[in-house]
Amino acid sequence: MPEVCWPYLTPGIPEDRFLLGEVPVTRLEVRVVWLALTRLAPGQVVWDVGAGTGSVSVEAARLVAPGPVWAVERDPRAASLVRANAARFGTDNLRVVEGEAPEALAGLPAPDRVLVGGSGGRLEEILSLCAGGLRREGILVASAVTWETMATLMAFFDRKPGWEVEAVCLNVARLAPLGGSRAWKAQNPVYLVRAARKGEDLGG
């Protein structure tokens, strides 16, 4: 039985429901948009490369069940958190692969969707393997917190024929106490780059 009951179908589990340790967690607002751009459906095979705490993996696993989510994470502390959070939410279709990408991706079943949250400085290698391994009409959505990473993502897919690319920049502010009042506290912007094989309906 899961430790945490989260009965809602829509993504957006609050950060404090996850076990975090010292590993950064993807903010709720970013997760919601990320998963929406990924277009998940039951039965899909998903790779989450650089899974961190597993917050995105858990939410994806809830949406694609009984399809598997393969959470790839090189940091043993983070991999342990992914396992713990998978158990916490009862996502038994979430499988942890502890190791460094792209080598750790070898032998995994071909994905319908790929999420890239961390690269360990090997982004182009990871993108090359993931883009080549995606099934027909597959979608890859990667996050970036620096302009340099964003530029690498765009440049990679600009060189690849047969892909349609879109990007968004998320600027989120949350209401927070300020003295005896409240004010908006801005979070660091996050870029999301979505690459879909041509022929996939990108919507409006």
Roughly how far apart are E29 CD and R31 CZ, rounded to 0.5 Å? 8.5 Å
L28: hydrophobic cluster co-members (side-chain, 4.5 Å): V32
Is the number of heavy atoms from other residues, nucleotides or ligands under 6.0 Å of L175 CG greater than 12?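 Yes.
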Do W6 and P14 come within less than 4.5 Å of each other through their side chains, counting heavy atoms only? yes
Counting C-beta onward and ignoring hydrogens, is there a side-chain heavy-atom pair between E73 and E100 closer than 4.5 Å? no
Taking only residues at least two apart or on different chains, which pairs with a member in residues 16-26 satisfy side-chain hydrogen bond (donor to acceptor under 3.5 Å, both in side chains)? none
M154 vs V165 side-chain heavy atoms within contact, under 4.5 Å: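 Counting from C-beta outward, M154 and V165 do come under 4.5 Å.
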Give the cluster check for L37 versus L63: same hydrophobic cluster or not, with ILVMFWY residues linked at side-chain heavy-atom distances below 4.5 Å. yes
For the pair W147 and Y191, name the ring-plane relationship: parallel under 30°, tilted 30 to 60°, perpendicular over 60°.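 Correct class here is perpendicular.
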Give the C-alpha distance, both sets of side-chain angles, the deciding distance and a yes or no for side-chain contact (heavy atoms from CB on, under 4.5 Å) between L140 and R194. CA-CA 6 Å; L140 180 149; R194 179 183 189 270; over 6 Å; no
Worked verdict on T152 versus T149 for side-chain hydrogen bond (donor to acceptor under 3.5 Å, both in side chains): CA-CA 5 Å; T152 299; T149 301; 6.0 Å; no
Can you tell me how far the CG atom of N85 sits from the CD atom of E59, to the nearest 0.5 Å? 11.0 Å
Measuring from S80:OG to D75:CG, what's the distance to the nearest 0.5 Å? 8.5 Å
Is there side-chain contact between E98 and R83, with at least one heavy-atom pair below 4.5 Å?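 They are in side-chain contact.
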Are S128 and F156 packed together at the side-chain level, in the sense that at least one heavy-atom pair is separated by less than 4.5 angstrom? yes
Short question: side chain of R62, backbone of L9 - any donor-acceptor pair under 3.5 Å?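 Not confirmed, R62 side chain does not pair with L9 backbone.
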Inspect the contact between E137 and R113 and indicate whether a charged nitrogen and a carboxylate oxygen are less than 4.0 angstrom apart.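 E137 and R113: not salt-bridged.
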Is the closest side-chain heavy-atom distance between N93 and V64 below 4.5 Å?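 Touching, per the 4.5 Å side-chain cut-off.
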Transitive ILVMFWY side-chain link V193 to L129, under 4.5 Å: yes
Residues S143 and G117: closest non-hydrogen pair is OG-CA, 3.7 Å
Would you say L134 ends up clustered with W70 if hydrophobic residues are merged whenever their side chains have heavy atoms under 4.5 Å apart, either directly or through other cluster members?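 W70 and L134: one cluster.
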Are V46 and L115 close enough that some pair of their side-chain heavy atoms sits under 4.5 Å apart? yes
Heavy atoms only: give me the nearest V25-S55 pair and the separation to one decimal.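 Taking every non-hydrogen atom into account, CG2-OG, 3.7 Å.
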Spacing of CD1 belonging to I139 relative to CD belonging to E164, to within rounding of 0.5 Å: 10.5 Å
Close side-chain approach of I13 to F89, heavy-atom, < 4.5 Å: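 SC-SC contact between I13 and F89 confirmed.
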